[in-house]
Structure formats: C-alpha cells, structure tokens
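Report on the structure given below.
Just follow the structure's listing: the first ligand is 1, and inside any ligand the first atom is 1. Note that the coordinates shown come from a computational prediction; the quantities given were computed from them, not determined experimentally.
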Amino acid sequence: MHFDSPIVITNFKTYKEATGTNALELAKQHERLANELQINLAIAGQAVDLQMLAAGVSIPVLAQHVDPVTHGAYTGHLPPDVLKPLGVDGSLLNHSERRLPSEMIADAVSRLRENGMFVVICAETASEGFQFMQQFNPDYIAIEPPELIGGEVSVSNARPELIKEAVQMIGAGKVLVGAGVKNGEDVRVATELGAVGILVASGVVKAENPAAVLRDLCSGFKKS
Ligand code: G3P
C-alpha cells in the first residue's frame, strides 16, 4: 500500500457508477493498473462501501469525509476510530462539496492522526491551502477551483497560474490538483507546474472506459 507521490486519487463521490458492486469493480480496475504501471492510485469511496472496498483491494482506500468524534454517543457520524480497523487508510477533508469549519478540520485531523491515517485537505485557493498546511500539516493539500469541478474544462487548462502559485506557497511534494481533469495532458501540465498528483472524479467515474482514462492520466507523469 503506497500513498506516495506521484499519485492519482479518484473520488467516487455518490456516482451510481461508483456505488456498491460498481464501486468494487472500479476499485479493482484501479488496483490492476496500479500494479501494472507501478503508479500510486488511490480511491475515495462512499461511506457505505468503505468496508467492502478496504477488504477488496490493496491500494489505499480513503473516506470522502470523516467526523471528528470517537466511539460513543454520536448518532449518524463517521469516526476515523471506526474506519481504521476496517482497513480504511485515510480521508479527504473539507472537499468543496463537504466544507467544514476550521475547528472541525483540526479535530478531524487529530482523530485521523491518532489512528495513523492519511490526511488530504481540500482547498479552493492557494492561500487557503497555505493556511491549512500551516495549521494542520496534512499529507497533501488538494487545490480544486469549485467552479471547474465536474466540468469539461480542466484546472490545468483554465487555471495553470493557480497550480504554480499553490506549489510556490504550499511547497514541493505537497500539492495535488483537481477539477475537470480528463487526460494525460492535464496531468502533464499540472505536474510540470509542480503538482505531485491529481484528484479526479467524473473524468474517470463517468467514462465509458475508466481503465483507459486512468491509463491516459498516468501517461502524463514524467518517467523517472
Ligand atoms: O474530488 C475531485 C473532484 O472534486 C473533481 O471532480 O469531476 O471535476 O474530476 P471532477
């Protein structure tokens, strides 16, 4: 299980194509390609599928969100303490579609770290990402301009200056980018500007052939 860069993290969101048995099949496609290409691929599954995904594949499985609580009298929460023993490796936090107040990010990071889990904090701007890095020291900051999420135009095409600014402010080796990412060229541009990985959703999940898209995405990483 590798959570090193370069890395592609596919966020399954609540897409039907990435729910239940579809989620497991998609996860296995990621696993096969990760092994074949020797590239780090990770997935962020839906809460209801996390246990199955963690048991079903050897690549990193992340939650899309966790709640900053532990075992106890907490109704309808998703605590890291419950996820870790199931084999879940970490979590996204503060995704644009699941924003959190700063105090909750702080507590969620503490609970994840106490469980030895990975932390990816999403940010909408470079300065927000910088602030989160200073405050919470996550494994990665994922920069995603909200207006480009789920769209046809990628962050690499529309906002290359944002990627550069984020890398300058947050530091080499720490920045993932996402929103509208569809192909290897998007990955090539993002990594040339200093990003160490990609957070992607619709481009993979909604593709007719997700494995072919993943393969193309991975081709954008410079061979070392
Ligand atoms: O978490 C990844 C995401 O928000 C980007 O979504 O569909 O633009 O790849 P998408």
Which segment of E97 sits under 4.0 Å of ligand 1 when only heavy atoms are counted: neither
E152 atom CD, over 12 foreign heavy atoms within 6.0 Å: no
More than 12 heavy atoms of other groups within 6.0 Å of R99 CZ: yes
Atom 7 (O) of ligand 1 - nearest protein heavy atom and its distance: S202 OG, 2.5 Å
Polar contact flag for G151 and ligand 1 (N/O pairs, less than 3.5 Å): no
Atom 2 (C) of ligand 1: nearest protein contact (heavy atom, Å): E144 OE2, 3.0 Å
Per-atom contacts, ligand 1 versus G150 - under 4.0 Å to a heavy atom: 7 (O), 8 (O), 10 (P)
Pick from S154, A179, A201: the one approaching atom 9 (O) of ligand 1 most closely through a non-hydrogen atom: A201
Validation row: K174, M133 side chains within 4.5 angstrom (heavy atoms): yes
Donor-acceptor pair between S156 and E185 side chains, under 3.5 angstrom: no
Close approach, K206 and ligand 1, non-hydrogen under 4.0 angstrom: no
Worked check of side-chain contact (heavy atoms from CB on, under 4.5 Å) between L62 and V88: CA-CA 6 Å; L62 308 183; V88 177; 5.7 Å; no
Per-residue contact class, I149 against ligand 1 - non-hydrogen pairs under 4.0 Å: both
N-O pairing of E147 and R159 below 4.0 Å: yes
Heavy-atom check, side chain of L83 versus side chain of S91, under 4.5 Å: no
Pick from E152, H95, K182: the one approaching atom 4 (O) of ligand 1 most closely through a non-hydrogen atom: H95
